[in-house]
Number of protein chains: 2
Amino acid sequence: MKITGDLQLMKKINKYLVLDTIRHHYPISRADISVKTGLNKTTVSSLVTELIDSHFVTEIGLGESSGGRKPMMLLFNQRAGYAIGVDLGVNYILAMVTDLGGAVVKEKKIEMTDLNVETVTEKLKKCIHSLIKKTPASPYGIIGIGVGVPGLVDDQGNVLSAPNLGWTDVPLQEMLQQEFNLPIAIDNEANVGALGEKEFGAGRSVSNMIYLSVGIGIGAGIILNDALYRGVSGFSGEVGHMTLAQDGPLCGCGSRGCWETFASEKALIHQAKALQLVDEKIQVAEAIDKINLNTLLHLAKRGNRPVIDLFASTGHWLGVGITNLVNVFNPELIVIGNRISLASEWIADSIRETLNSHSLSFHRQKMNVVYAQLGMNSSAAGAASIAINRFFSAMKALGD
Amino acid sequence: MKITGDLQLMKKINKYLVLDTIRHHYPISRADISVKTGLNKTTVSSLVTELIDSHFVTEIGLGESSGGRKPMMLLFNQRAGYAIGVDLGVNYILAMVTDLGGAVVKEKKIEMTDLNVETVTEKLKKCIHSLIKKTPASPYGIIGIGVGVPGLVDDQGNVLSAPNLGWTDVPLQEMLQQEFNLPIAIDNEANVGALGEKEFGAGRSVSNMIYLSVGIGIGAGIILNDALYRGVSGFSGEVGHMTLAQDGPLCGCGSRGCWETFASEKALIHQAKALQLVDEKIQVAEAIDKINLNTLLHLAKRGNRPVIDLFASTGHWLGVGITNLVNVFNPELIVIGNRISLASEWIADSIRETLNSHSLSFHRQKMNVVYAQLGMNSSAAGAASIAINRFFSAMKALGD
DNA sequence: TACTTTGTTTGTACAGTAGACAAAGTAAGT
DNA sequence: ACTTACTTTGTCTACTGTACAAACAAAGTA
């Protein structure tokens with residue numbers, strides 16, 4: 001019979017450890033892996049042979065000697081398979097093919113106005129199909145599809161509620177599963193954004209970080225101990241509905257004074273409409289309905305004082321909420337992503353000032369605030385990384 | 001030479017798995033352990049033999065047959081060793097000896113008024129010494145000492161800052177280490193309280209919970225995925241300084257409108273002093289300086305309307321902050337502990353109402369709010385459990 | 001008498017290891 | 001240039017320790 005559980009498990013742990021070491025430190029020799037992992041040279045050699053046989057690792061040739069025989073250098077074979085990551089936005093679909101190392105191979109962006117479930121899912125399917133066609137051949141082919149959605153997603157991949165899309169109870173995972181017959185992962189947009197920055201962006205060397213997605217609303221992806229924290233039902237990170245003022249503006253959630261009524265893109269535009277914006281290029285009367293983040297950025301660049309002050313105020317309110325998160329989580333890094341990061345130039349100072357004056361000094365010492373390194377790609381890249389991680393952990397569980 | 005790492009590791013994992021199964025399901029037979037863990041009967045037998053040899057497990061006699069040979073029932077030997085847990089409060093020291101199962105064996109409480117570092121640490125040492133003397137003999141003796149402190153503690157066991165004690169930079173772990181030559185663990189009072197409720201109290205069956213310690217201030221111990229989350233520097237859970245109103249009362253931390261300026265014991269007393277308290281037993285004029293939680297509870301019990309309303313208001317503000325935590329963490333359980341839990345009768349309704357009207361409905365579905373099951377013992381029991389857990393995980397790491 | 005359940009004994013499979021070793025290099029002395 | 005000593009890399013072989021399956025003994029039920 002087969003050997004059960006733990007003896008296999010041990011091998012899988014070590015094999016995965018070797019692969020991980022190669023993934024993160026290539027090019028690297030067998031001897032170096034042995035030193036880094038603490039595994040015996042013999043063990044490393046045998047595991048590497050298996051990894052080469054299964055196309056995850058390739059030998060690239062001899063490296064530099066350090067006083068003895070030249071080492072055979074090993075590479076992680078990023079192109080052993082490809083993943084698809086999708087950022088399903090409120091008025092766009094951004095989809096990409098990445099290799100197993102997260103490098104973007106193909107990208108496709110579609111604008112949308114009709115948010116009807118069927119229309120959107122049809123476009124989504126078409127978009128993914130077209131990317132799959134363009135993906136190069138590889139030993140493992142497309143290993144999975146990840147999708148980030150602006151709403152609450154349960155662990156079955158059902159979109160329970162996505163207010164900005166007007167969706168409720170959409171079984172997105174099931175729909176895609178039937179269409180593509182591939183492993184599908186659906187998650188909240190802030191969660192995948194956090195993963196993207198953690199795996200490929202600003203959070204690579206950090207174990208505890210919060211990715212703050214500030215777009216129409218505010219959401220957070222929470223990385224603790226190197227893993228995404230999802231909460232008991234998968235709904236963690238709804239920081240946008242943190243109460244910051246009991247008697248503040250009414251929020252869509254029914255409560256008052258939620259963070260996103262002060263600091264989101266929605267709030268920004270709402271507040272901007274109340275201003276008397278004067279600019280030679282924009283007629284106030286006709287423009288008041290057309291105000292959006294881009295026009296405000298444009299005005300700020302031209303030195304429009306009220307708009308600059310408005311951004312500063314937004315920054316201040318962002319700082320207040322971030323302070324709360326910092327005091328509660330004591331994270332190493334806050335990454336500000338999504339559309340507001342386009343305004344980083346106008347909000348950074350007031351965020352920093354608010355943090356310095358409000359947060360607890362001990363919590364500030366090891367903490368940094370940065371802006372998404374992958375820009376608007378964080379979510380799509382993170383969605384792909386979910387597919388990649390599932391592929392590798394399935395490998396870990398099943399043997400390979 | 002010795003076998004390195006993984007082969008030993010495998011055994012330790014299984015041995016610990018068997019021990020854990022016995023700890024949580026005793027009395028249990030070898031056969032049942034085999035079924036529960038998936039380990040082979042042979043493996044279980046051999047590991048159990050070793051556990052019996054090292055006094056962690058004992059055979060209690062034959063159990064009921066279920067149609068065949070009678071099983072030999074195994075017990076976890078709680079009395080193989082003892083731990084000491086200390087709750088270092090603002091005006092008291094509560095210390096206890098527990099066995100390895102967390103059962104309280106001896107308890108000692110001292111009141112204090114002088115909070116000077118030397119005075120307190122001397123009393124602390126004396127208190128621990130006297131408990132050690134009274135601890136029964138056992139194979140492993142005292143396996144460690146855990147202490148919960150109302151302040152920020154770093155990973156070296158230094159108390160960086162404890163405002164309510166007036167302490168800064170006290171190397172408490174080092175001091176106790178030198179005195180007792182035993183494994184010492186120092187942690188924040190809310191963290192140990194959370195562990196106490198998680199291991200022995202209301203949170204036993206829960207993986208994601210928040211223990212809210214509402215005393216003079218407000219702190220939180222955060223249990224995620226069955227483990228305490230400490231943050232990058234060990235300062236997580238400073239929820240008391242979450243801003244709930246930009247222009248609220250000034251807080252000791254320098255900021256304004258922190259949660260604990262609205263809902264802590266300190267806030268409660270401050271607000272009570274502003275009331276015109278009328279009661280036949282208490283002369284307002286002379287009592288105004290003597291108002292404390294006990295007098296307020298007394299008044300509430302007698303039906304004093306202003307005090308009852310005051311508790312309701314405190315409950316409301318607790319609800320606001322809890323809502324924020326629920327939206328962010330999506331926990332399964334909130335445990336309200338420390339002194340405010342004495343007032344649960346007067347605050348529970350308004351907490352619940354606020355949560356129902358403010359929190360997101362999806363987050364509410366699987367969530368419960370309860371009061372500390374161990375009462376004022378949560379922290380001391382949790383401190384002991386840190387020592388116990390360290391003892392067992394050291395065993396796991398070293399072989400036994 | 002037939003079957004079940006518990007727990008031990010016996011022999012085997014397999015992962016990782018140490019140590020020896022071959023291959024291929026460096027560095028220094030002559 | 002050649003020799004000698006040493007280093008580094010990676011493989012081969014023999015061995016150890018762990019978990020396992022199968023057979024078995026013991027002790028029960030129906």
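Given the structure is predicted, the values throughout are model-derived calculations rather than measurements. Below, chain A is the first sequence line, B the second, and so on; all start at residue 1.
Put simply, CD on B:E64 is 12 Å from P on C:dT6, counting in whole angstrom units. The distance between atom CD of A:E59 and atom P of D:dG10, rounded to the nearest whole Å, is 9 Å. A:K70 places its NZ atom 20 Å from the C1' atom of D:dT11, with the value rounded to the nearest Å. Whole-Å rounding puts the B:I52 CD1 to C:dG7 C1' distance at 12 Å. A:M72 places its CE atom 13 Å from the P atom of D:dT9, with the value rounded to the nearest Å. In this structure, the CG atom of A:L17 is 16 Å from the P atom of C:dA15, given to the nearest Å. Note: NZ (B:K41) to P (D:dA19) measures 17 Å, nearest angstrom. Across the protein-nucleic acid pair, A:L9 atom CG and C:dA13 atom P stand 22 Å apart, rounded to whole Å.
Between A:T43 and C:dT17 there is a side-chain N or O to OP1 or OP2 distance below 4.0 Å. Between B:S65 and D:dT29, a side-chain N or O to OP1/OP2 separation shorter than 4.0 Å is absent. Between C:dA15 and A:N14, no contact under 4.0 Å exists linking OP1 or OP2 to a side-chain N or O. In this structure, B:N40 does not reach the D:dA19 phosphate: none of its side-chain N or O atoms is under 4.0 Å from OP1 or OP2.
Scanning atom types as modelled, no donor and acceptor separated by under 3.5 angstrom connect the side chain of B:R69 and the base of C:dT5.
A:Q78 and A:R23 form no side-chain donor-acceptor contact under 3.5 Å, judged by distance and modelled atom types alone. For the residue pair A:S207 / A:N225, no side-chain donor-acceptor distance below 3.5 Å is found, with atom types taken as modelled.
Summarising the base pairing, D:dA30 is matched to C:dT1 through a Watson-Crick or G-U wobble pair whose two defining distances lie under 3.5 Å. Pairing partner, D:dA22: C:dT9, with both Watson-Crick or wobble hydrogen-bond distances short of 3.5 Å.
Between the side chain of B:N330 and the backbone N or O of A:V232 there is at least one donor-acceptor pair closer than 3.5 Å. Panel note: side chain B:N77, backbone B:H55; a donor-acceptor pair is recorded below 3.5 Å.
With the nearest nucleotide of DNA chain C identified for both B:R30 and A:S46, B:R30 has the one nearer the 5' end.
Contacts of A:T42 with the nucleic acid, taken as non-hydrogen atoms under 4.0 Å apart, include base atoms. Contact annotation for A:K11: backbone-only contact, meaning every heavy-atom pair under 4.0 Å involves sugar-phosphate atoms and none involves a base. Note on B:S29: only backbone sugar-phosphate atoms sit closer than 4.0 angstrom, heavy atoms only; bases stay farther off.
Closest to the B:M10 side chain, of the nucleotides D:dT18, C:dT6, D:dG10, is D:dT18.
We find that A:E199 and A:R204 are not joined by a salt bridge, their nearest charged nitrogen and carboxylate oxygen being 4.0 Å or further apart.
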